[in-house]
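Numbers for residues simply follow the sequence, beginning at 1.
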Amino acid sequence: MTTPMVEARGISKSFGTVQVLSGVDLTVERGQVACLIGPSGSGKSTFLRCINHLEKHDAGELRVDGSLVGYRQSGNKLYELNERQICAERSQIGMVFQRFNLFPHLTALENITIAPQRVLGKKGPETIRRAQELLERVGLSDKAASYPSQLSGGQQQRVAIARALAMDPKLMLFDEPTSALDPELVGEVLDVMRDLAKSGMTMVVVTHEMGFAREVADVAYFLDEGVVQEWGNPREMLVSPRTQRLAGFLSKVL
């Protein structure tokens, strides 16, 4: 049996007195696309951020590629990794946010090359060639010299995806990547994500795009009030929900 790419058992997280995650169990196999769906405030984005230790979970066990996220185990005790070790872990996990977070003073090409050069120590010509390949892959080969302010929202998000791919991640996380886009720009980003899925990239996607989840995802998890209420094949879940809570949610978003 192969080790799952993501394995969460009993993940809990609070912000002060507010319990955001209440024992989330979830498994994503290698090469799978998993979609996290649910109402706003259900804990989806918080859980996603726990996967690369942008948020520290309070309880439970979270592993990526078989290794604990953010911690090492010695005997029965867990010790948090230092910042350098956490950054090394994080460099293997690509993340695309709602907002594009591109450097405004850098061109599209420079936004893609900066992390491989500074974090991985790769040489300029190598990273430039790779960045050009990635821009072509996301349909922006003619925008290498453009600054973020010269790009549409959909184009900026595609540059952000290319930037994440430049680190050659083993896992990609998407936090509602189309929610900040005008409706006519959503399709161009989803097309890039479809292409990634076909290539075998393991992906965890927080999304309100039910059509994308139905078409592309191998597994969907419905979160509500910090708990996985239902999970399974999205083509079955989204047509014949087993729980009243999911049925009620779908009646509002479909």
Side-chain angles (χ1 to χ4, degrees), residues 5-6 45 48-56 64-65 67 69-70 80-182 185-186 188-197 199-206:
M5 183 58 75
V6 180
S45 293
L48 198 75
R49 291 169 67 86
C50 286
I51 294 177
N52 63 1
H53 209 58
L54 286 174
E55 297 289 354
K56 302 176 186 178
V64 170
D65 200 15
S67 299
V69 173
E80 189 172 12
L81 302 179
N82 61 42
E83 192 60 31
R84 182 180 61 81
Q85 292 169 318
I86 291 170
C87 286
E89 277 191 348
R90 208 173 275 153
S91 71
Q92 301 178 65
I93 302 172
M95 186 157 185
V96 178
F97 300 88
Q98 296 179 37
R99 297 292 174 178
F100 325 121
N101 295 338
L102 299 178
F103 293 112
H105 63 291
L106 299 180
T107 65
L109 188 77
E110 291 166 339
N111 264 283
I112 297 169
T113 59
I114 187 170
Q117 289 175 355
R118 295 193 178 183
V119 178
L120 302 181
K122 293 188 175 182
K123 301 297 183 184
E126 177 187 358
T127 60
I128 290 171
R129 184 171 60 253
R130 175 65 171 152
Q132 290 170 334
E133 291 172 353
L134 289 170
L135 282 171
E136 183 174 358
R137 182 173 184 178
V138 300
L140 294 173
S141 56
D142 60 333
K143 300 295 184 181
S146 298
Y147 290 90
S149 62
Q150 299 170 314
L151 302 174
S152 70
Q155 290 171 336
Q156 289 185 63
Q157 192 64 293
R158 284 186 280 159
V159 172
I161 294 172
R163 177 181 59 182
L165 293 173
M167 296 293 285
D168 294 320
K170 56 188 175 184
L171 170 66
M172 285 285 288
L173 309 177
F174 293 85
D175 188 6
E176 298 190 34
T178 60
S179 65
L181 300 178
D182 292 334
L185 302 178
V186 169
E188 63 190 45
V189 174
L190 294 181
D191 284 344
V192 172
M193 294 172 65
R194 288 186 184 95
D195 178 67
L196 269 182
S199 75
M201 174 64 73
T202 309
M203 300 160 58
V204 183
V205 184
V206 173

Q: So which atom in Val189 and which in Gly154 form the shortest heavy-atom distance, rounded to 0.1 Å?
A: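 Heavy atoms of Val189 and Gly154 come nearest at CG2-O, 3.8 Å.
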
Q: So Asp168 and Arg130, do their side chains get closer than 4.5 Å, heavy atoms only?
A: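 In contact.
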
Q: Distance from Gln92 atom CD to Cys87 atom SG, nearest 0.5 Å?
A: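 Atom-to-atom, Gln92:CD and Cys87:SG are 12.0 Å apart.
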
Q: Can you tell me which residue pairs pass the side chain to side chain donor-acceptor pair (under 3.5 Å) test with a partner in residues 95-104, sequence neighbours excluded?
A: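 Residue pairs passing side chain to side chain donor-acceptor pair (under 3.5 Å), neighbours aside: Gln98-Ser179.
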
Q: For the NZ atom on Lys56, are there more than 12 heavy atoms of other groups (residues, nucleotides or ligands in this structure) within a distance under 6.0 Å?
A: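 Not buried by this count: 12 neighbours or fewer within 6.0 Å.
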
Q: Nearest 0.5 Å, what's the CE-NZ distance between Met167 and Lys122?
A: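 If we round to the nearest 0.5 Å, Met167:CE and Lys122:NZ are 8.0 Å apart.
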
Q: If you measure from CE on Met5 to CE on Met201, what distance do you get to the nearest 0.5 Å?
A: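 Reported to 0.5 Å precision, the distance equals 9.0 Å.
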
Q: Sequence neighbours excluded, which residues qualify as side chain to side chain donor-acceptor pair (under 3.5 Å) partners of Glu110?
A: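 Counting only residues at least two positions away or on another chain, Glu110 forms a side chain to side chain donor-acceptor pair (under 3.5 Å) with Thr107.
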
Q: Please identify which of these residues, Asp175, Val204, Leu171, meets the side chain to side chain contact (heavy atoms under 4.5 Å, CB included) condition with Met95.
A: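 That would be Asp175.
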
Q: Can you see which heavy atom on Leu109 is nearest to which on Ala131, and at what distance?
A: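 Distance-wise, the nearest heavy atoms are CD1-CB, 3.5 Å.
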
Q: How long is the gap from OG1 on Thr113 to CZ on Arg163, to the nearest 0.5 Å?
A: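 Here the rounded value is 11.5 Å.
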
Q: Return the set of residues passing side chain to side chain donor-acceptor pair (under 3.5 Å) with Glu126 (not counting sequence neighbours), or none when no residue passes.
A: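 Checked Glu126 against side chain to side chain donor-acceptor pair (under 3.5 Å); zero matches.
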
Q: Working to the nearest 0.5 Å, report the span between CD1 of Ile161 and CZ of Phe100.
A: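 Ile161 CD1 to Phe100 CZ: 10.5 Å, rounded to 0.5 Å.
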
Q: Considering non-hydrogen atoms only, spot the tightest contact between Asn111 and Leu106 and give its length.
A: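 Closest pair (atom of Asn111, atom of Leu106, distance): ND2-O, 3.1 Å.
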
Q: Measuring from Leu196:CG to Thr202:OG1, what's the distance to the nearest 0.5 Å?
A: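 Reported to 0.5 Å precision, the distance equals 11.0 Å.
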
Q: May I have the list of side-chain donor-acceptor pairs in residues 133-147 shorter than 3.5 Å, sequence neighbours left out?
A:
residue: Arg137; atom: NE; partner: Asp195; partner atom: OD2; Å: 3.2
residue: Arg137; atom: NH2; partner: Ser199; partner atom: OG; Å: 3.3

Q: Tell me, please, which residues at least two apart from Gln150 pass side chain to side chain donor-acceptor pair (under 3.5 Å).
A: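 With neighbours one apart ignored, the set is empty.
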
Q: Provide the closest heavy-atom pair for Pro169 versus Gly94 in the form atom of the first, atom of the second, distance.
A: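 Reported closest heavy-atom pair: CB-N, 3.4 Å.
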
Q: Please list, one pair per line, the donor and acceptor atoms closer than 3.5 Å that link side chains of residues 48-55 to other protein atoms, with sequence neighbours excluded.
A:
residue: Asn52; atom: OD1; partner: Leu54; partner atom: N; Å: 3.4
residue: His53; atom: NE2; partner: Glu80; partner atom: OE2; Å: 3.0

Q: Backbone N or O of Val69 within a donor-acceptor pair of the Glu89 side chain at under 3.5 Å?
A: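 No: the side chain of Glu89 does not pair with the backbone of Val69.
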
Q: Return the minimal non-hydrogen interatomic distance between Glu188 and Leu185, and the atom names on each side.
A: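 It is CG-O, 3.0 Å.
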
